[in-house]
K.L.:
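Got a structure for you, written out below as C-alpha cells; questions coming shortly.
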There are 2 protein chains.
Amino acid sequence: MSDTRAYARTLERLKKAGLRPTRQRLALGKLLFEGGHRHVTAEQLHSEAAKNQARVSLATVYNTLHQFTEAGLMREVVVEAGRSYFDTNIDDHHHFFHVDTGELQDISGSDVMVTAMPSMPMGTALDRVDVIIRVRSAA
Amino acid sequence: MSDTRAYARTLERLKKAGLRPTRQRLALGKLLFEGGHRHVTAEQLHSEAAKNQARVSLATVYNTLHQFTEAGLMREVVVEAGRSYFDTNIDDHHHFFHVDTGELQDISGSDVMVTAMPSMPMGTALDRVDVIIRVRSAA
DNA sequence: TCTTTAATTGGAAAAATTCTAAAGGGCTTG
DNA sequence: CAAGCCCTTTAGAATTTTTCCAATTAAAGA
C-alpha cells in the first residue's frame, strides 16, 4: 500500500472520530493501523516513530493513545504493574498474558464465555468485562 | 483480639511461608491480615503503618508486599495504569473495578463462571484466570 | 488572507516503582 | 551465649511511567 493511501485512510479515521488530523496523529495512526492488529506500549510506539523519522514527544504518544482510546479506535489493556498496553483490536475479545515474556495475545470473544454474571453493585452500570488468562512457560 | 494474639498469628503465618519474622513484617502483616480482607496500594499501607507508630520505609513496604505475594499470602491485582493493588484475599475470586472511583470489590469465585476455555498457547501452562468487571457510576 | 478561538504539543514535573550500598538484625553453630 | 553468616532494612537516588500546563498550531469565520 502506498504511503499516500495509508495516510488517506488514517485521515478518514481521524475525521470520523472528530480528532484533528495533525502531523503527529497521522504518523502514529499510520504506524498503529497499518497491517494487522497490534499491542503496543507508549514507549514502544515512541521509539518506533523515531525510527520512522517522525519527531513526536513521548507525552504526545500518551496523549494520542488516550485520545484514540477515548474515541473508540483502540482499547487499553492493563496487565502488569507500571505498564499499559494499547490494543488496536476493538472487537469483543480477551487476552492471554505471558507472565514470563510480558507478551499479550488475543483470544477471540467467542472462545471465552463468562456466565453467571453477578449483579452490578448499587448505582453502577456495566462498562466492560476483561478476562485475562495468565500463562507461564511450561516447565 | 489482643495485640499479642494478633502478632502470634502473623508470626505463624510468616514462619509457614519461610519468611523471617522481622519487626517490619510483623507490623505490616498485622495491618494486612487483621480483620477482613483488604485491597491496598503500597502508598496506602505505608501511610497506615506510619499512623500506627511503625517506622517502615516505602521501599520495605514494596519489598514486603512482593514477598508476601510470592509466598502466596496475597495476590496482586492490576487494573489501572500506573497503580497496583494488593489483595489479602487469596481464595478463588474475581473483581469489580469502579472506573470512576478506583475502588475494587471482590466477587466470589462461584459467582462468575468462565467456560469454553481456549487451549493454552504452545509451550505454556495456565497460571491464573483474572476476570475484571469494569463498572461506572450509573447516569 | 487575517484574526480569533480552541485544540494540540512537548518540556518539565509528578507519581510510582526499583535499585544500591551501607547498616542492622535473626538464627545457627561452636 | 558469643560470633559470624547472611538475609533484611533503609534512605536516597535513579528509573520508569504518566500527567501537567504554557507555548504553539490548526480550524473556522470575517
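Every chain is numbered from 1, with letters handed out A, B, ... down the list of sequences. These numbers come from a predicted model, not from an experiment.
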K.L.:
Between A:Arg83 (CZ) and C:dA15 (P), how many Å, whole number?
P.N.:
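Rounding to the nearest Å, CZ of A:Arg83 and P of C:dA15 are 23 Å apart.
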
K.L.:
Ignoring backbone atoms, test whether A:Ser57 places a side-chain nitrogen or oxygen under 4.0 Å from the OP1 or OP2 oxygen of C:dG10.
P.N.:
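Indeed, a polar side-chain atom of A:Ser57 lies that close.
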
K.L.:
Is the shortest side-chain N/O distance from B:His66 to OP1 or OP2 of C:dT18 below 4.0 Å?
P.N.:
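True: B:His66 side-chain N/O within range (under 4.0 Å) of C:dT18 OP1/OP2.
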
K.L.:
Within the 3.5 Å criterion, strictly below it, is a donor on B:His93 or B:His95 matched to an acceptor on the partner's side chain?
P.N.:
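There is such a pair between these side chains.
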
K.L.:
Map B:Pro21 and B:Thr41 onto DNA chain C by nearest heavy atom, then report which one ends up closer to the 5' terminus.
P.N.:
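Comparing both residues, the 5'-ward one is B:Thr41.
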
K.L.:
Please list all pairs passing the salt bridge (charged side-chain N to carboxylate O under 4.0 Å, His left out) test where one or both residues lie in residues 76-89 of chain A, with sequence neighbours left out.
P.N.:
A:Glu80-A:Arg83

K.L.:
How many Å lie between OH on B:Tyr62 and P on C:dC19, as a whole number?
P.N.:
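Going from OH in B:Tyr62 over to P in C:dC19 covers 13 Å.
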
K.L.:
Can you check the A:His46 NE2 to C:dG11 P distance for me, whole Å?
P.N.:
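Going from A:His46 (NE2) to C:dG11 (P), I get 9 Å.
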
K.L.:
Would you kindly give the CG-to-P distance between B:Leu58 and C:dT17, to the nearest whole Å?
P.N.:
9 Å

K.L.:
Could you give me the CA-CA distance, side-chain angles and deciding distance for B:Asp127 and A:Arg136, then say whether salt bridge (charged side-chain N to carboxylate O under 4.0 Å, His left out) is met?
P.N.:
CA-CA 6 Å; B:Asp127 182 53; A:Arg136 49 194 156 63; 3.3 Å; yes

K.L.:
Atom OH of B:Tyr85 and atom C1' of C:dT17: how far apart are they, to the nearest Å?
P.N.:
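To the nearest whole Å, that distance equals 16 Å.
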
K.L.:
Rounded off to whole Å, could you give me the CD-to-P distance for the A:Gln24 and C:dA7 pair?
P.N.:
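About 17 Å, once rounded to whole Å.
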
K.L.:
For B:Asp92, is there an ion pair with B:Arg75 - N to carboxylate O distance below 4.0 angstrom?
P.N.:
no

K.L.:
If you look at every strand shown and take non-hydrogen atoms under 4.0 Å, does B:Arg55 touch a base, only sugar-phosphate, or nothing?
P.N.:
sugar-phosphate

K.L.:
Just checking, is any N or O donor in the side chain of B:Arg55 or B:Gln24 under 3.5 Å from an acceptor N or O on the other one?
P.N.:
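On atom types as modelled, these side chains do not qualify, holding no pair under 3.5 Å.
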
K.L.:
In terms of side-chain heavy atoms, does B:Thr101 have a donor or acceptor partner in B:Glu103 at a distance below 3.5 Å?
P.N.:
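Yes, a side-chain donor-acceptor pair sits under 3.5 Å.
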
K.L.:
Do the side chain of B:Arg9 and the main chain of B:Phe33 share a donor and acceptor less than 3.5 angstrom apart?
P.N.:
no

K.L.:
Which two nucleotides bound the region of DNA chain D that has atoms under 4.0 Å from heavy atoms of chain A, read 5' to 3'?
P.N.:
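The protein-touched segment is D:dT17 to D:dA27.
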
K.L.:
Figure out the CD/P separation between B:Glu70 and C:dT18, and round it to whole Å.
P.N.:
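Between P of C:dT18 and CD of B:Glu70: 12 Å.
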
K.L.:
Expressed as a whole number of angstroms, how long is the span from B:Asn63:CG to C:dT17:C1'?
P.N.:
11 Å

K.L.:
B:Thr64 or B:Ala81: which one's nearest nucleotide on DNA chain D is closer to the 5' end?
P.N.:
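Per heavy-atom nearest nucleotide, the more 5' residue is B:Thr64.
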
K.L.:
Give one of base, sugar-phosphate or nothing for B:Thr60, where a contact means two heavy atoms less than 4.0 Å apart.
P.N.:
base

